[in-house]
Amino acid sequence: MIGVVRILLAAVALTSAPLAAQEEHRILFIGNSFTQGANSAVLRYRPDSVNDLNGEGIGGIPALFAKFAEQADLDWEVSHELQGGTTLGFHLRERRKLIDHAWDVVVMQEYSVLNPEDPGNATDTGRDASALAKMFETANPNARVYLMSTWSRADQTYKPEGHWYGQTVGQMAIDLRGAMDRIDNQAEQIDGVIPVGEAWNRAIAAGIADDNPYDGRDYGKVDLWSYDHYHASAEGSYLEALVVFATITGFDVREFGANERAAHELGIEPKVAAGLQSLAMEQVELEAAR
């Protein structure tokens, strides 16, 4: 059954572009600290394995992607243009010369609450994501462009000043996904949404991850948030990277197993690594069946 799923996922992943006909595939990540892996060892993980267009020595989620590709025997050239605390509009206005090139795949990650001045408002995101996607399609008509839908911030849920205060911890991720879906449906150059936030929700629902870092971590569970209850921990970033990799490549990340090398290098417990791999694939399979 796993083999069949992998074939189906690979078919979905390659529908929009004949990547298999090329020797090497070029992927670009644009975003902020959520793709950098800030506040965890992921930030400086294997920076020499990726092309940091800003020259800041950051590995992040792109470096995890590169390590997964190496283990899966897939040939990817991985680049990123990441700046903490920024929106997609920043990358469009300030970094256009760096990113306006022919890429096979682009992963775009927006600010965690969409609009820093008006949390939850996706108007600017829709405008900027569409403009970026058109730019990438102009450079390469076969490019696949994705929006990443990120996770619920615990500080936005449990603290009174948070926009999602008083709602369930998973609601922010659900709202972000709804906004990304609407943008995807309105912009024909955008090819899909990567469901990272929903994978986090799945990890919490499955009892692998703790749901509230403010009341202490439940025994036997991992904390997907870092110490600020905002960014991702190493485990949270690992889950993020797994979902991205499975979505983009169609590879069944469960095949990595408990001894996957990036998890080992980051100090992630083997059984946790395997559990997160399973959760990532469950979410990606659900997306493929939609």
Side-chain angles (χ1 to χ4, degrees), residues 1-29 35 37 41-42 44-53 58-80 101-107 140 142-146 148 191-192 194-196 199 234-235 237-288:
M1 180 62 182
I2 291 176
V4 173
V5 170
R6 181 175 172 184
I7 291 171
L8 290 173
L9 287 170
V12 171
L14 295 175
T15 297
S16 301
L19 297 182
Q22 302 175 18
E23 291 184 359
E24 184 176 58
H25 316 319
R26 304 180 68 214
I27 184 170
L28 172 70
F29 290 81
T35 303
V42 174
R44 301 298 178 185
Y45 179 75
R46 292 182 174 268
D48 57 337
S49 68
V50 296
N51 300 319
D52 180 350
L53 300 183
I58 290 171
I61 302 306
L64 288 176
F65 186 102
K67 189 62 176 176
F68 294 160
E70 175 188 304
Q71 294 171 87
D73 198 26
L74 299 175
D75 197 3
W76 285 85
E77 178 186 315
V78 183
S79 300
H80 67 73
H101 300 289
W103 308 97
D104 298 309
V105 177
V106 179
V107 175
N140 176 12
N142 291 320
R144 288 189 285 129
V145 182
Y146 293 86
M148 184 194 301
D191 296 287
I194 301 176
V196 172
E235 288 84 359
S237 288
Y238 185 71
L239 178 56
E240 176 185 1
L242 288 167
V243 175
V244 173
F245 188 77
T247 301
I248 297 302
T249 69
F251 184 86
D252 188 336
V253 295
R254 288 171 294 206
E255 295 186 18
F256 290 140
N259 296 317
E260 192 277 318
R261 291 196 288 276
H264 175 73
E265 292 170 353
L266 291 170
I268 296 173
E269 188 177 357
K271 69 177 182 180
V272 171
L276 294 176
Q277 292 163 18
S278 293
L279 286 166
M281 277 313 301
E282 288 171 10
Q283 189 62 52
V284 173
E285 288 171 358
L286 179 63
E287 293 297 313

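Just so you know, these numbers come straight off a predicted model, no measurement behind them. Scope of the values below: all heavy atoms of this structure, side chains included, with no hydrogens, waters or symmetry mates.
The side-chain heavy atoms of Leu64 and Val42, taken from C-beta on, include a pair separated by under 4.5 Å. Residues Asp75 and His25 form no side-chain contact, since every pair of their non-hydrogen atoms from C-beta on lies 4.5 Å or further apart. Residues Pro62 and Asn51 have side chains not in contact (no heavy-atom distance under 4.5 Å, counting atoms from C-beta outward). Annotation: side chain of Ser79 is in contact with side chain of Trp103 (closest heavy-atom distance under 4.5 Å). In this structure the side chain of Val107 never reaches within 4.5 angstrom of the side chain of Leu28, judged on heavy atoms.
With sequence neighbours excluded, the residues satisfying side-chain contact (heavy atoms from CB on, under 4.5 Å) with Ala66 are Ser49, Val50, Val78. With sequence neighbours left out, the ring pair (Phe, Tyr, Trp, His ring centres under 6.0 Å) criterion links Phe68 to Tyr238, Phe245, Phe256.
Summarising the geometry, atom CD belonging to Glu285 is positioned 9.5 Å from atom OG belonging to Ser278; distances are rounded to the nearest 0.5 Å. To the nearest 0.5 angstrom, Met281 atom CE is 8.5 Å from Thr247 atom OG1. In this structure, CE on Met148 lies 5.5 Å from CD1 on Ile194, to the nearest 0.5 angstrom. Here CD of Glu269 is found 10.5 Å from CG of Leu276. Values are rounded to the nearest 0.5 Å.
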- Show your reasoning for whether side chain to side chain contact (heavy atoms under 4.5 Å, CB included) applies to Trp76 and Ile248. CA-CA 11 Å; Trp76 285 85; Ile248 297 302; 3.7 Å; yes
- Message: As a quick check of understanding, evaluate side chain to side chain contact (heavy atoms under 4.5 Å, CB included) for Glu255 and Gln277, giving each step before the final call.
- Response: CA-CA 9 Å; Glu255 295 186 18; Gln277 292 163 18; over 6 Å; no
- Mind running side chain to side chain contact (heavy atoms under 4.5 Å, CB included) on Val196 and Leu239 for me, showing each step along the way? CA-CA 8 Å; Val196 172; Leu239 178 56; over 6 Å; no
- Message: Between Glu77 and Ile27, is the side chain to side chain contact (heavy atoms under 4.5 Å, CB included) condition met? List the steps.
- Response: CA-CA 6 Å; Glu77 178 186 315; Ile27 184 170; over 6 Å; no
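Test Ile58, Thr35, Ile61, Leu53 against His80 for side-chain contact (heavy atoms from CB on, under 4.5 Å) and you get one pass: Ile58.
Side-chain N or O atoms of Asp104 include none that pairs as donor or acceptor with a backbone N or O of Ala143 at under 3.5 Å.
Heavy-atom neighbours of His101 NE2 from other residues, nucleotides or ligands within 6.0 Å: above the threshold of 12.
Nearest heavy atoms, Ala263 versus Ala273: CB-CB, 3.7 Å. Minimum interatomic distance between Ala280 and Val253 (heavy atoms only, all atoms of both residues): CB-CG2, 4.3 Å.
Identified under the side chain to side chain donor-acceptor pair (under 3.5 Å) test for residues 60-74, with sequence neighbours left out: Lys67-Glu70, Gln71-Glu260.
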